[in-house]
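The analysis underlying the following values was restricted to heavy atoms, covering all of them including side chains, and did not include hydrogens, waters or symmetry mates. Order of the sequence lines fixes the chain letters, A, B, ..., with proteins taken first and strands second; residue numbering starts at 1 for each chain.
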2 protein chains.
Amino acid sequence: MSVTREKIIELGENLIRTKGYNAFSYQDISTELGIKNAAVHYYFPSKENLGTSIIKTNIQRFEEMIDNMHSRKFDEWQQLETFIKIYIKSHREQKLCLVGSLGPDINTLSNTTKAELVKMTEIIHHWLAGILTSGKMNNIFSFNDEPQNKATLIFSCLVASLQLSRIIDKFDYKAVCQSIIEDLKP
Amino acid sequence: MSVTREKIIELGENLIRTKGYNAFSYQDISTELGIKNAAVHYYFPSKENLGTSIIKTNIQRFEEMIDNMHSRKFDEWQQLETFIKIYIKSHREQKLCLVGSLGPDINTLSNTTKAELVKMTEIIHHWLAGILTSGKMNNIFSFNDEPQNKATLIFSCLVASLQLSRIIDKFDYKAVCQSIIEDLKP
DNA sequence: AAATATACTTACTAATAAGTAAGATGATGT
DNA sequence: ACATCATCTTACTTATTAGTAAGTATATTT
């Protein structure tokens with residue numbers, strides 16, 4: 001696959017996560033890569049197409065991560081901590097996650113992009129509910145809620161804390177993550 | 001104060017909370033109100049100015065709500081539930097809260113608008129930490145975290161759950177709120 | 001009655017956006 | 001040597017954006 005294509009995807013993702021979908025333009029990408037506006041359209045005919053591709057790439061990356069954790073026989077704690085580490089890294093880089101940056105713009109997205117965002121969010125949520133269910137069954141996690149509901153709570157905390165940490169300074173993101181973890185300990 | 005001015009503020013807020021700051025235009029407002037684009041500029045010379053005014057109005061509304069709760073001698077439970085009800089209403093209307101919709105766009109806001117968003121977020125966070133502190137002291141609430149940290153967790157859950165509920169269907173927002181409440185019970 | 005302020009409209013400008021059609025360049029395959 | 005393909009550039013169009021300058025109508029004040 002083309003290097004330029006991959007760079008566009010990566011740059012587009014970073015732009016969405018720092019400025020938001022409706023604030024970034026093909027010009028932002030072409031200028032940064034030292035190419036012309038039309039070159040970006042060569043790889044991604046429309047912005048809708050680029051947006052969808054960025055989400056698709058992320059879904060793929062997430063599923064590869066899960067496969068990798070399964071093949072390495074990670075238990076539920078290790079899986080949860082790996083997931084949380086993605087968010088700690090996002091926080092360090094002052095970026096949101098894709099769900100948290102595209103979510104508020106959902107009413108402005110095309111149907112295909114929206115469908116892909118829904119898919120990605122559901123995959124993550126479903127996976128999280130899954131490890132919470134099995135973790136609870138194996139007495140590795142302890143909580144009273146329905147796993148589905150607990151997954152929502154944890155996911156929400158991670159997503160919005162990234163947003164709040166860019167607004168409020170002196171924000172202790174790791175303490176938030178630690179609380180999530182402590183809360184699940186038996 | 002002018003009725004048109006107030007309508008613009010209200011409409012602008014709703015547009016931010018449904019489409020996002022960078023997706024709405026003065027045209028959206030003028031068309032809806034049956035006036036011309038320039039009439040909106042008459043009241044709010046720039047979009048930055050309108051954005052800032054919308055946040056200022058919200059801060060005022062929040063502070064009036066707090067004053068009202070104090071004068072009616074609301075205890076910590078009643079205050080928390082009143083706050084949560086705002087979010088349940090937002091969910092019913094399929095809208096985000098201002099913090100959750102402007103937060104992801106923070107890097108595209110002017111310094112004055114950004115400052116106002118920071119102020120609003122800090123006021124809410126500080127108030128929430130306050131009732132958690134006094135609620136814990138009076139043994140009305142029970143939790144292990146630092147109140148500051150607990151406030152972040154609860155605030156995050158409310159903010160991001162609104163976002164997630166627009167993405168995932170079959171989303172039980174009230175169950176999320178109920179979990180937050182149950183978690184604080186002694 | 002004249003002056004003034006309020007609340008707009010008309011008619012623009014300049015910038016930026018997404019997107020396109022046609023052509024240039026160079027590598028690869030036949 | 002020739003054709004083909006990928007990867008762009010040049011040069012655009014069309015639409016939308018925030019924003020403005022100047023004018024109009026109506027009500028209020030002096």
Side-chain angles (χ1 to χ4, degrees), chain A residues 1-55 101-102 104-114 116-117, chain B residues 1-16 18-55 57 101-102 104-114 116-117:
Chain A
M1 234 208 264
S2 162
V3 175
T4 307
R5 201 192 134 92
E6 281 174 6
K7 279 186 185 168
I8 294 170
I9 291 260
E10 195 193 327
L11 231 162
E13 186 191 317
N14 284 331
L15 284 164
I16 290 173
R17 292 170 62 199
T18 46
K19 298 175 65 172
Y21 183 78
N22 290 306
F24 94 89
S25 72
Y26 272 40
Q27 226 62 253
D28 290 334
I29 292 176
S30 60
T31 307
E32 177 76 27
L33 295 184
I35 56 178
K36 297 296 162 186
N37 168 37
V40 184
H41 280 282
Y42 167 71
Y43 289 102
F44 303 96
S46 66
K47 197 178 177 181
E48 153 186 359
N49 184 295
L50 174 57
T52 309
S53 301
I54 289 170
I55 306 174
S101 36
L102 288 174
D105 295 333
I106 195 163
N107 290 331
T108 70
L109 301 178
S110 75
N111 285 334
T112 52
T113 311
K114 197 187 299 187
E116 211 60 35
L117 174 61
Chain B
M1 238 209 261
S2 162
V3 175
T4 307
R5 198 191 136 92
E6 280 175 6
K7 279 186 184 166
I8 294 170
I9 290 260
E10 195 194 327
L11 232 163
E13 186 190 317
N14 284 332
L15 285 164
I16 290 174
T18 46
K19 300 176 65 171
Y21 183 79
N22 290 306
F24 93 90
S25 72
Y26 271 40
Q27 226 64 253
D28 290 334
I29 291 175
S30 61
T31 308
E32 177 77 27
L33 295 185
I35 55 179
K36 297 296 162 186
N37 168 37
V40 185
H41 279 282
Y42 168 72
Y43 290 102
F44 303 96
S46 67
K47 198 178 176 182
E48 154 187 357
N49 183 295
L50 174 56
T52 308
S53 300
I54 289 169
I55 306 173
T57 306
S101 37
L102 289 173
D105 294 333
I106 195 162
N107 291 331
T108 70
L109 302 178
S110 75
N111 284 334
T112 52
T113 310
K114 196 187 299 186
E116 211 59 36
L117 174 61

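Comparing atom distances between the A:A39 side chain and each of D:dA18, C:dA7, D:dC8 picks out D:dC8 as nearest. Listed nucleotides: C:dT10, C:dA18, D:dG19. Nearest to the side chain of A:H41: C:dA18. Distance from the side chain of B:Y43 is smallest for C:dA7 among the nucleotides D:dT9, C:dA7, D:dT7. Proximity note for B:Q27 (side chain, C-beta onward) versus C:dA18, D:dT17, C:dC8: the nearest is D:dT17.
Judged by distance alone, with hydrogens and angles left aside, the side-chain atoms of B:N14 form no donor-acceptor pair with the main-chain N or O of B:L11 at under 3.5 Å. A donor-acceptor contact shorter than 3.5 Å is absent between the side chain of B:T113 and the backbone of B:G51.
A:K36 comes within contact range of at least one nucleobase, with a heavy-atom separation under 4.0 Å. Residue contacts shown for B:F44 are absent, as no nucleic acid heavy atom lies under 4.0 Å away. Looking at heavy-atom distances under 4.0 Å, A:Y42 makes contact with a base.
The interatomic distance linking A:Y26 (OH) with C:dG19 (C1') rounds to 9 Å, in whole Å. Taking atom CD1 on B:I29 and atom P on C:dA7, their separation rounds to 17 Å, with Å as the unit. Separating the CG atom of B:N37 from the P atom of C:dA11 is a distance of 14 Å, rounded to the nearest angstrom. Between the C1' atom of D:dA18 and the CG atom of B:N22 lies a distance of 13 Å, rounded to the nearest Å. Atom CG of A:L50 and atom P of C:dG19 are 10 Å apart (whole Å). The interatomic distance linking A:D28 (CG) with C:dA15 (C1') rounds to 14 Å, in whole Å.
Between B:A38 and B:S2, the one whose closest nucleotide on DNA chain C sits nearer the 5' end is B:S2.
Contact check, B:S25 against D:dT17: a side-chain N or O comes under 4.0 Å of OP1 or OP2. Distances shown here put a side-chain N or O of A:T4 below 4.0 Å from the OP1 or OP2 atom of D:dC8.
In this structure, A:K47 forms a cation-pi arrangement with A:Y21, its terminal cationic atom sitting closer than 6.0 Å to the ring centre and no more than 45° off the ring axis.
Counting heavy atoms of neighbouring residues, nucleotides and ligands inside a 6.0 Å radius, atom CD of B:E32 does not exceed 12 of them.
If you check the side chains of A:N107 and B:T18, you find no donor sitting under 3.5 Å from an acceptor.
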